[in-house]
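Since the structure comes first, as structure tokens, the remarks are kept for the end.
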Amino acid sequence: MFTGLITDVGQVTAVERRGDTRFTIATGFDLETIAIGASIACNGVCLTVVETGQGGDQGGGRGWFKVDVSAETHSKTTTGSWQAGTPVNLERSLRLGDELGGHLVYGHVDGVIDIADVQQDGDSQRWWFDAPPHLARFIAAKGSVALDGVSLTVNSVEGTRFGINIIPHTQEKTTFQYLKAGGVVNLEVDMLARYVARLVETK
């Protein structure tokens with residue numbers, strides 16, 4: 001479980017394609033505190049650490065960890081387009097007693113959605129996204145979503161399109177600094193919205 005508060009922007013340094021795909025990701029995390037089998041959200045995708053190391057070609061001078069991604073995960077997320085050099089939002093899993101500064105994020109991506117438009121709005125930016133109808137139904141104004149693992153508040157909803165604000169700090173500290181209109185992001189809708197929808201359906 002995560003909060004959607006990004007604590008590091010890592011970088012894919014190697015991709016090994018075999019039965020599954022193994023990614024090596026360079027990070028500033030203290031690897032002595034990360035056990036093999038630990039969960040790390042990578043662009044909002046909960047992945048399991050299978051190996052760690054320090055420096056060398058794999059880390060580009062930083063520490064690194066490796067994760068395996070299955071074909072099922074590729075089919076539901078942007079991981080299939082990752083290559084050496086791809087920046088990745090990173091968040092370690094939430095521990096009991098940690099401050100919940102964002103919202104509860106599970107690292108279970110619901111789908112990939114399009115970035116429709118980006119507009120300057122004061123010092124911040126207004127971003128618009130197009131979600132497919134089966135996911136748009138879970139998105140409400142003033143509700144929460146996770147986009148590439150970043151916890152964000154929905155400002156407005158117009159049909160299947162919704163808008164959010166990105167403040168300068170968020171843009172500088174996440175991969176939003178590299179994104180633009182025409183790109184795509186991983187979407188995880190709020191878990192409470194899914195449960196409410198399910199309860200209404202069964203009445």
Side-chain angles (χ1 to χ4, degrees), residues 1-70 72-74 76-110 144-153 164 166-179 183 185-188 190-191:
M1 189 175 291
F2 308 91
T3 67
L5 300 182
I6 304 307
T7 50
D8 186 33
V9 175
Q11 185 179 63
V12 176
T13 59
V15 181
E16 305 170 55
R17 302 196 185 279
R18 40 193 189 180
D20 289 336
T21 304
R22 176 162 291 187
F23 292 101
T24 303
I25 300 175
T27 179
F29 288 156
D30 179 1
L31 295 174
E32 291 187 0
T33 65
I34 298 177
I36 302 301
S39 295
I40 296 179
C42 304
N43 271 7
V45 185
C46 181
L47 297 173
T48 301
V49 175
V50 297
E51 186 179 340
T52 64
Q54 191 68 45
D57 294 338
Q58 297 186 86
R62 295 195 290 172
W64 51 265
F65 63 91
K66 295 186 179 185
V67 293
D68 290 334
V69 177
S70 67
E72 170 66 16
T73 300
H74 280 322
K76 298 292 192 298
T77 70
T78 60
T79 54
S81 65
W82 292 1
Q83 55 189 337
T86 298
V88 182
N89 290 322
L90 301 177
E91 182 189 356
R92 298 182 61 179
S93 57
L94 183 66
R95 295 174 296 180
L96 288 176
D98 283 351
E99 179 182 353
L100 184 61
H103 75 283
L104 289 178
V105 176
Y106 290 80
H108 303 157
V109 172
D110 293 292
S144 298
V145 291
L147 300 177
D148 273 357
V150 183
S151 174
L152 294 162
T153 299
I164 57 101
I166 298 290
I167 62 173
H169 175 82
T170 301
Q171 186 174 19
E172 293 166 7
K173 299 300 183 181
T174 72
T175 58
F176 273 95
Q177 63 187 293
Y178 306 109
L179 298 173
V185 293
N186 293 319
L187 167 69
E188 180 183 332
D190 185 60
M191 180 63 72

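Just so it is clear, the structure is predicted and the values come from calculations on it, not from any experiment.
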Around atom OH of Tyr178, are there more than 12 heavy atoms from other residues, nucleotides or ligands closer than 6.0 Å? no
Using a 3.5 Å distance criterion without hydrogens, assess whether the side chain of Glu188 forms a donor-acceptor pair with backbone atoms of Asp110. no
I need the minimum non-hydrogen distance between Val105 and Gly4, along with the two atoms involved. CG2-N, 3.8 Å
Would Glu91 and Thr3 count as a side-chain hydrogen bond (donor to acceptor under 3.5 Å, both in side chains) if you check the C-alpha gap in whole Å, the side-chain angles of each, and the deciding distance to 0.1 Å? CA-CA 8 Å; Glu91 182 189 356; Thr3 67; 2.9 Å; yes
Can Thr21 and Thr79 be said to form a side chain to side chain contact (heavy atoms under 4.5 Å, CB included), step by step? CA-CA 9 Å; Thr21 304; Thr79 54; over 6 Å; no
Just verifying a value: how many Å separate Gln11 CD and Thr24 OG1, rounded to the nearest 0.5 Å? 12.0 Å
All side-chain hydrogen bond (donor to acceptor under 3.5 Å, both in side chains) counterparts of Thr33, not counting sequence neighbours: Arg92
Closest contact, heavy atoms only, Tyr106 versus Cys46: O-CB, 4.0 Å
Flag side-chain contact, heavy atom, 4.5 Å: Thr175 against Val9: yes
Spacing of OG1 belonging to Thr170 relative to CD1 belonging to Ile6, to within rounding of 0.5 Å: 9.5 Å
Heavy-atom distance under 4.5 Å between the side chains of Arg62 and Thr27, does that happen here? no
Taking only residues two or more places apart in sequence, or in another chain, which ones meet His108 in a side-chain hydrogen bond (donor to acceptor under 3.5 Å, both in side chains)? none
Check whether any side-chain heavy atom of Leu187 lies under 4.5 Å from a side-chain heavy atom of Val109, and answer yes or no. no
Looking at Leu90 and Ala26, what are the two nearest heavy atoms and their distance? CD1-O, 4.5 Å
Pick from Thr77, Asn43, Val15: which one makes a side-chain contact (heavy atoms from CB on, under 4.5 Å) with Trp82? Asn43
Going from NZ on Lys173 to CG on Leu5, what distance comes out if it is rounded to the nearest 0.5 angstrom? 14.0 Å
Does Asp68 form a salt bridge (Lys or Arg N to Asp or Glu O under 4.0 Å) with Arg18? I'd like the steps, not just the answer. CA-CA 10 Å; Asp68 290 334; Arg18 40 193 189 180; 3.7 Å; yes
So, do Phe176 and Leu152 sit near enough that their side-chain heavy atoms are less than 4.5 Å apart? yes
How long is the span from the OG1 atom in Thr174 to the CG atom in Asp8, to the nearest 0.5 Å? 12.0 Å
What's the verdict on side chain to side chain contact (heavy atoms under 4.5 Å, CB included) for Glu51 and Trp64, showing C-alpha distance, side-chain angles and the deciding distance? CA-CA 8 Å; Glu51 186 179 340; Trp64 51 265; 3.5 Å; yes
Point-to-point distance, once rounded to the nearest 0.5 Å, from CD1 of Ile34 to CZ of Phe29: 6.0 Å
Are Arg22 and Val67 side-chain neighbours, meaning at least one heavy-atom pair lies under 4.5 Å? no
Flag side-chain contact, heavy atom, 4.5 Å: Val69 against Asp20: no
Spacing of Ile40 atom CD1 and Ile25 atom CD1 [to the nearest 0.5 Å]: 8.0 Å
Are side-chain heavy atoms of Ile36 and Thr52 found at a separation under 4.5 Å? yes
Sub-4.5 Å side-chain heavy-atom contact between Leu47 and Ser39: no
Between Thr78 and Asn186, is any side-chain donor less than 3.5 angstrom from a side-chain acceptor? yes
